[in-house]
There are 2 protein chains.
Amino acid sequence: MLSLSKKIDYALLALSYLAHKPYRAANTKEIAEEYALPVELLAKILQKLAKAEILVSTSGPTGGYRLLLAPEKISVGAIVDIIEGRPALVQCMRSDSHSCDQIQKCTIRTPLMRVNARMLDMLDEISLAEICKDETESHLVTIPLLVRS
Amino acid sequence: MLSLSKKIDYALLALSYLAHKPYRAANTKEIAEEYALPVELLAKILQKLAKAEILVSTSGPTGGYRLLLAPEKISVGAIVDIIEGRPALVQCMRSDSHSCDQIQKCTIRTPLMRVNARMLDMLDEISLAEICKDETESHLVTIPLLVRS
DNA sequence: CTATATCCGACTAATCTAATCGGAGATGAT
DNA sequence: ATCATCTCCGATTAGATTAGTCGGATATAG
C-alpha cells in the first residue's frame, strides 16, 4: 500500500553509493556487500539502470558501474519508472490495463487521476542528490552534540 | 507499487455514493450492486468506517449506513489510515516494524522520511468532497463537445 | 586462456491482498 | 413472538504481486 518496492530501495542505495564514488567504477558484489543485499537481485537492477543510461557499465575484471549523470539530474520518478514502470494509484491508470474491471459506473476516476498526477510530479521533483545529501545533514546534527561538553 | 489497495477504492466509491444520498441510509448490498463489488468485502470496509465514526450504522431491515461528517471534513488520508493503517514508503517507516532488515548502513532513511511525510500530507489535504465533485466537472468537459456542431 | 565482470531469461519462494465462509447479534415489520 | 433483513466479526482460502534464485551467455583485463 503506497510503498516503494525493495527494488527501488536497493536502486536508491546503490545509486547513492555510486554518487559518493564518482571517480571509479564499483561492481555489483561490492555494493551488495556494503548494504547486505542479494547480489543477483541487485545485479538485475543495475543492469536496468545501465540500459536506461543512468549508469555506464564496463565488463571484465576491474569493471563495474559508474554514474553517467550528476545526481541533481536524476529524479526518483525516473528511477521508479525504469525499474517498475510508471506507477499508478489504481490499476485502471496503468498503461497496460485500460479498463476498470467491470466498474463502468465509476464516479471517482477523474479526481483520482489528478491525485495520481500530483504523486508523479512529486517523484519527478525529487532528485537523487536530495536522497544522497543527508549524510552531511545528519553529521551537522551529530557534531554539535559531541562539541557540547 | 505506490498503488492504493482495492479496499481503498471500494471505500471511496461507497463514500461517494453515500455523499450523494445524505438523506437516507444505504445498505451494503445496494452499494455493492451499484458498482459490482464483492458484498462481503465491502461489508467489512463499511464496518471499519463505522467503527471509526466516519459512518453511522443502523441494524435491521431499513437499516444501513449514513455519512456522519460532511465530505469536506473527511480526508483521503484518514480513510486510508482507517482501512489499511498509516501507509509508509518503506517498511522500516511503519509503526510496527522499526528495524531496517539488516541494513544498518542505510544512508537514505532520513531523506526518504521527508518524502514519506510529503506523501502523507498530500493525502491529508485531499477531501472526500474533491473525490465526489468531479461528476459535474466531467460534464463541463462533455457538454461543450456536444454543443460544438 | 583464465578469472572476474556484466548481462539476461526462466524459475521458485515468500509475502501481501482480495475474496469467501460461517455464524452471532440487532431490529423493524407482520 | 417470530421472521426476514440488516450489521458485525473472526478465520480461512484463493489469487496476485514481489522477492529472490539459478543456469548459462558474453565481454575483457591481466
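Letters go in sequence order (proteins before strands), and every chain restarts at 1. Note that the structure is predicted; figures quoted are calculated from it, not measured.
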Checklist line | Residue A:P38, side-chain heavy atoms: nucleotide from D:dG20, D:dA19, C:dA18 that is nearest | finding: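 Closest nucleotide among those given: D:dG20.
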Margin query: Looking only at the side chain of A:L41 (C-beta and beyond, no hydrogens), which of the listed nucleotides C:dG28, C:dA18, D:dG20 gets closest?
Written below: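 Out of C:dG28, C:dA18, D:dG20, the nucleotide with an atom closest to A:L41's side chain is D:dG20.
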Between [X] ([atom1]) and [N] ([atom2]), how many Å, whole number?
X	N	atom1	atom2	result
B:K6	C:dT20	NZ	C1'	15 Å
A:I8	D:dG20	CD1	P	13 Å
B:D9	C:dA18	CG	P	8 Å
A:Q91	D:dT18	CD	C1'	14 Å

Margin query: Any carboxylate oxygen within less than 4.0 angstrom of a Lys/Arg side-chain nitrogen, looking at B:E34 and B:K21?
Written below: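 So B:E34 does not pair with B:K21 through a salt bridge.
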Check: Can you name the salt bridge (charged side-chain N to carboxylate O under 4.0 Å, His left out) partners of B:E125, sequence neighbours left out?
Finding: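 Partners of B:E125 by the salt bridge (charged side-chain N to carboxylate O under 4.0 Å, His left out) criterion, ordered by chain and then number, come out as A:R118.
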Notebook entry, point to check: What pairs with A:E40 under salt bridge (charged side-chain N to carboxylate O under 4.0 Å, His left out), at least two apart in sequence or on another chain?
Noted result: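 By the salt bridge (charged side-chain N to carboxylate O under 4.0 Å, His left out) rule, A:E40 matches no residue at all.
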Which atom pairs, donor and acceptor, lie under 3.5 Å between side-chain atoms of residues 46-60 of chain A and protein residues at least two apart or in another chain?
residue	atom	partner	partner atom	Å
A:Q47	NE2	A:A43	O	3.4
A:K48	NZ	A:I83	O	3.2
A:T58	OG1	A:G64	N	3.3

Notebook entry, point to check: When you match A:E84 and B:T28 each to their closest nucleotide on DNA chain D, which lands nearer the 5' end?
Noted result: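 Nearest nucleotide further toward 5': that of B:T28.
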Margin query: Using the side-chain hydrogen bond (donor to acceptor under 3.5 Å, both in side chains) criterion, which residues pair with A:S127? Sequence neighbours excluded.
Written below: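 Partners of A:S127 under the side-chain hydrogen bond (donor to acceptor under 3.5 Å, both in side chains) test: none.
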Checklist line | Sugar-phosphate or base contact per nucleotide [nucleotides 22-28 of chain D; S, B, -; heavy atom under 4.0 Å] | finding: -----BB
Notebook entry, point to check: What residues, two or more places apart in sequence or in another chain, satisfy side-chain contact (heavy atoms from CB on, under 4.5 Å) together with A:P38?
Noted result: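 In terms of side-chain contact (heavy atoms from CB on, under 4.5 Å), with neighbours along the sequence ignored, A:P38 is linked to A:Y10, A:L41.
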Item checked: Which residues share a side-chain contact (heavy atoms from CB on, under 4.5 Å) with B:L89, sequence neighbours left out ->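 Counting only residues at least two positions away or on another chain, B:L89 forms a side-chain contact (heavy atoms from CB on, under 4.5 Å) with A:L4, B:L2, B:V115, B:N116, B:M119.
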Item checked: Pairwise side-chain hydrogen bond (donor to acceptor under 3.5 Å, both in side chains) hits with a residue in residues 62-84 of chain A, at least two apart ->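 Listed once each, the pairs are A:S5-A:E84, A:D81-A:R86.
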Next item on the list: Identify, residue by residue, the members of residues 47-56 of chain A with a heavy atom below 4.0 Å from DNA chain D, and return them in order of residue number, or none.
Entry: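 When residues 47-56 of chain A is checked for heavy atoms under 4.0 Å from DNA chain D, there are no hits whatsoever.
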Next item on the list: For A:Y65 and for A:M1, locate the closest nucleotide of DNA chain C by heavy-atom distance; then report the residue assigned to the nucleotide nearer the 5' terminus.
Entry: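 It is A:Y65, whose closest nucleotide lies nearer the 5' terminus.
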